[in-house]
Enquirer: 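Take a look at this one; I'll ask things after.
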Amino acid sequence: MTARKRQLKLGAVTYGTGGPGSPYLWLDEDIPVDASVNINWYTEQARLAEEAKFDLIFIVDSQFITADSPPHYLNRLEPLTLLSALAVSTSHLGLVATMTTSYNDPFNIARRLASLELISGGRSGWNVVTSGDAGAAGNFSRQEHYDYDTRYARGLEFVQVAQGLWDSYEEDAFPRDRGTRTFLDPSRQHALNHKGEHFQVVGPLNIGRSPQGQPVIFQAGDSEQGRDLGATIGEGIFTHAASIAQGQAFYNDLKGRAAAKGRDPEQIIIMPGVSVYIGDTDSEAREIELDLQTSDRDFGRALAELGRPFAWHDFRQYDLDAPFPQEALVYAERGFRTGAEKIAKLAKDNNFTLRQTVEFISAPKPTPFAGAPATVADQIQEWFEARALDGLNVGVGHPSQWRRFREEVVPILQERGVVRTAYESTTLRGNLGLPVPENRYTKAREQESSLLRI
Ligand SMILES: Cc1cc2nc3c(=O)[nH]c(=O)nc-3n(C[C@H](O)[C@H](O)[C@H](O)COP(=O)(O)O)c2cc1C
């Protein structure tokens, strides 16, 4: 088999009425005010992404809100329910759901994803997260959220159990032979009998293998523990990158960790999330960027939202003109610690007061993917060729920008051969160029019979 040319992968991330950092996105008159719970809106975005030959649509999620949460988080559809609807209105687009390993059980998640696999014909993906919203504990009968070591150890075991359950049936488990009245070949059904530190699961799962074998595993989490989890089980990695150098550092770190674990780094796809700002000229794009960033944010919302990485600690209780309260970091141990540490370090390195920290975070800033369509295409190609990324998750933010990306930037990238012009496959694995995981029992039997032949 000849190796396929390396091409950039494209994901679309939907933030409906506005996610973190853009609480006023919904003021855009081209966005329905109920976008985050409007299935017609999602269906249309998925159709547009598929028309532009995107690899996947990515649905973010969390299980805890406060009145200060961004509009999209306040009122939105549950990812797997939503993706089941999108599965029947699309034919090639990958469908990636964020689901936490901290507040679910492996059997439930394995079963639901296996169902989406069959409904979509092998297009599902799972963004494995451990939850940074510590308050979710209170919605799941726990006093407090797990600490980092526990939540990531539980996350790893969770995924391994789900993968074990997905092997419950081998490819040929169901002869469904009316003549011999044989529905199941019981030698091809396997109980997992998992007994681990966090889960005990007997199995088998009550749903068979899909056209791509198993859902694609994505991972998002940037701490030491998070990167190790990604390097161990991630086939796609969702991340952030502010510069090409930062992107390359993360890329090399993650792929190096995976190689050290005996994995092929080429089979891991690194996809940072980005915002794009496109104008007729580079300078017009910068004006659009400044304008949109200014109108999407304000100080009061940014001050309230600052609490999220710190387990929704309320920073409004502090003197705005006193030094940034570093002591708040203790709350982050059960929150989004990596993000909180970055903010605390920024404040410390610059001797910022709380006000200056919030002002800095919410101030408009030039981003890497802003310019005329050709400039944005150049930037993307440069990052891709410099191996700062393998793909991009483009935010479905302002409809005008989302449209310009699809209609003006994607065609340039297609012409240059950086992205596809036609889908290679009807499965997500097939389009991402990822191998189909072999069923462990089939593999063991084949190995045994080849040994017997020697
Ligand atoms: C790009 C990216 C996207 C993420 N998306 C989600 C999400 O949708 N839901 C969620 O609960 N956590 C999400 N996370 C958070 C991680 O699962 C993790 O809980 C959090 O980042 C704290 O862990 P860390 O310090 O390892 O990053 C995301 C993280 C990153 C980097």
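Remember, it's 1-based here, ligands and their atoms both numbered in the order they're listed.
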Enquirer: What atoms of ligand 1 come closer than 4.0 angstrom to any heavy atom of Arg151?
Expert: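 Answer, ordered by atom number: 19 (O), 22 (C), 23 (O).
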Enquirer: Give a yes or no on whether a salt bridge exists between Asp222 and Lys342, defined as a side-chain N under 4.0 angstrom from a carboxylate O.
Expert: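 Lys342 and Asp222: salt-bridged.
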Enquirer: Quick one: look up the protein heavy atom nearest atom 14 (N) of ligand 1 and list residue, atom name and how far away it is.
Expert: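 Of the protein heavy atoms, Val129 CG1, 4.0 Å lies nearest.
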Enquirer: Give me the nearest non-hydrogen protein atom to atom 11 (O) of ligand 1 as residue plus atom name, then the distance to 0.1 Å.
Expert: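 Ranking protein heavy atoms by distance from atom 11 (O) of ligand 1, first comes Asp61 O, 3.4 Å.
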Enquirer: List every atom of ligand 1 that sits less than 4.0 Å from any heavy atom of Tyr152, numbering the atoms from 1 in the order shown and giving each element.
Expert: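 Every atom of ligand 1 under 4.0 Å from some heavy atom of Tyr152: 18 (C), 23 (O), 24 (P), 26 (O).
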Enquirer: Give the residue and atom name of whichever protein heavy atom lies nearest to atom 3 (C) of ligand 1, and the separation in Å to one decimal.
Expert: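 Ranked first by proximity to atom 3 (C) of ligand 1 is Ala220 CB, 3.6 Å.
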Enquirer: What atoms of ligand 1 come within less than 4.0 Å of a heavy atom belonging to Ser223?
Expert: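 Every atom of ligand 1 under 4.0 Å from some heavy atom of Ser223: 24 (P), 25 (O), 26 (O), 27 (O).
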Enquirer: Check contact between Gly273 and ligand 1, using heavy atoms of the residue and a distance below 4.0 angstrom.
Expert: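 Checking ligand 1 against Gly273, which is what was asked, there is no heavy-atom contact under 4.0 Å.
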Enquirer: Using a heavy-atom cut-off of under 4.0 Å, does the side chain or the backbone of Gln225 touch ligand 1, or both, or neither?
Expert: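 The answer is neither; Gln225 stays 4.0 Å or more away.
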Enquirer: Side chains of Arg406 and Leu48: does their closest heavy-atom pair fall under 4.5 Å?
Expert: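 Contact flag for Arg406/Leu48 side chains = yes.
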Enquirer: Looking only at protein heavy atoms, which one is nearest to atom 27 (O) of ligand 1, and how far off is it?
Expert: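 Here the closest protein heavy atom is Asp222 N, 2.7 Å.
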Enquirer: Can you figure out which of Asn127, Thr100, Thr101 has its heavy atom closest to atom 5 (N) of ligand 1?
Expert: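 Looking at heavy atoms only, Asn127 sits closest to atom 5 (N) of ligand 1.
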Enquirer: Would you check if there is a donor-acceptor pair between the side chains of Arg151 and Thr130 at a distance under 3.5 Å?
Expert: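 Yes.
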Enquirer: Does Arg286 reach the side chain of Pro364, with side-chain heavy atoms less than 4.5 Å apart?
Expert: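 In short, these two side chains do not touch, never coming nearer than 4.5 Å.
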Enquirer: Atoms of ligand 1 less than 4.0 Å from Thr130 heavy atoms?
Expert: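 Atoms satisfying the 4.0 Å criterion: 17 (O), 19 (O).
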Enquirer: Between the side chains of Thr375 and Asp282, is a donor N or O closer than 3.5 angstrom to an acceptor N or O?
Expert: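 There is such a pair (donor and acceptor under 3.5 Å, judged by atom type) between the side chains of Thr375 and Asp282.
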Enquirer: Assess whether a salt bridge exists between Glu424 and Lys53, defined as any Lys/Arg side-chain N lying under 4.0 Å from an Asp/Glu carboxylate O.
Expert: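 Here Glu424 does not pair with Lys53 in a salt bridge, since their nearest N and O are not under 4.0 Å apart.
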Enquirer: For the side-chain hydrogen bond (donor to acceptor under 3.5 Å, both in side chains) test, which of Gln200, Gln160, Glu157 pairs with His194?
Expert: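 The residue from Gln200, Gln160, Glu157 that satisfies side-chain hydrogen bond (donor to acceptor under 3.5 Å, both in side chains) with His194 turns out to be Glu157.
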Enquirer: Taking Arg301 first and then Asp296, would you say they form a salt bridge - that is, a charged N and a carboxylate O separated by under 4.0 Å?
Expert: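 Not counted as a salt bridge, because no side-chain N and carboxylate O are separated by less than 4.0 Å.
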Enquirer: What atoms of ligand 1 come closer than 4.0 angstrom to any heavy atom of Thr239?
Expert: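 Contacts of ligand 1 toward Thr239, numbered from 1: 1 (C).
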Enquirer: As a test of understanding, state which of Phe158, Phe218, Phe58 forms a ring pair (Phe, Tyr, Trp, His ring centres under 6.0 Å) with Trp126.
Expert: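 Per the ring pair (Phe, Tyr, Trp, His ring centres under 6.0 Å) rule, the option paired with Trp126 is Phe158, out of Phe158, Phe218, Phe58.
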Enquirer: Can you report which non-hydrogen protein atom sits closest to atom 25 (O) of ligand 1, along with the distance?
Expert: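 Ranking protein heavy atoms by distance from atom 25 (O) of ligand 1, first comes Thr338 OG1, 2.3 Å.
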Enquirer: Which atoms of ligand 1 have any heavy atom of Val60 under 4.0 Å away?
Expert: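 Going through ligand 1 atom by atom, the ones under 4.0 Å from Val60 are 8 (O).
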Enquirer: Which ligand 1 atoms are under 4.0 Å away from a heavy-atom of Thr98?
Expert: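 Those of ligand 1 that fall under 4.0 Å from Thr98 are 7 (C), 8 (O), 9 (N).
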Enquirer: What atoms in ligand 1 come closer than 4.0 Å to a heavy atom of Phe336?
Expert: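 Heavy-atom distances to Phe336 below 4.0 Å select 15 (C), 20 (C), 21 (O), 22 (C).
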Enquirer: Can you confirm whether Lys195 is buried at NZ, in the sense that more than 12 heavy atoms of other residues, nucleotides or ligands lie under 6.0 Å from that atom?
Expert: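 At most 12 heavy atoms, drawn from other residues, nucleotides or ligands, come within 6.0 Å of this atom.
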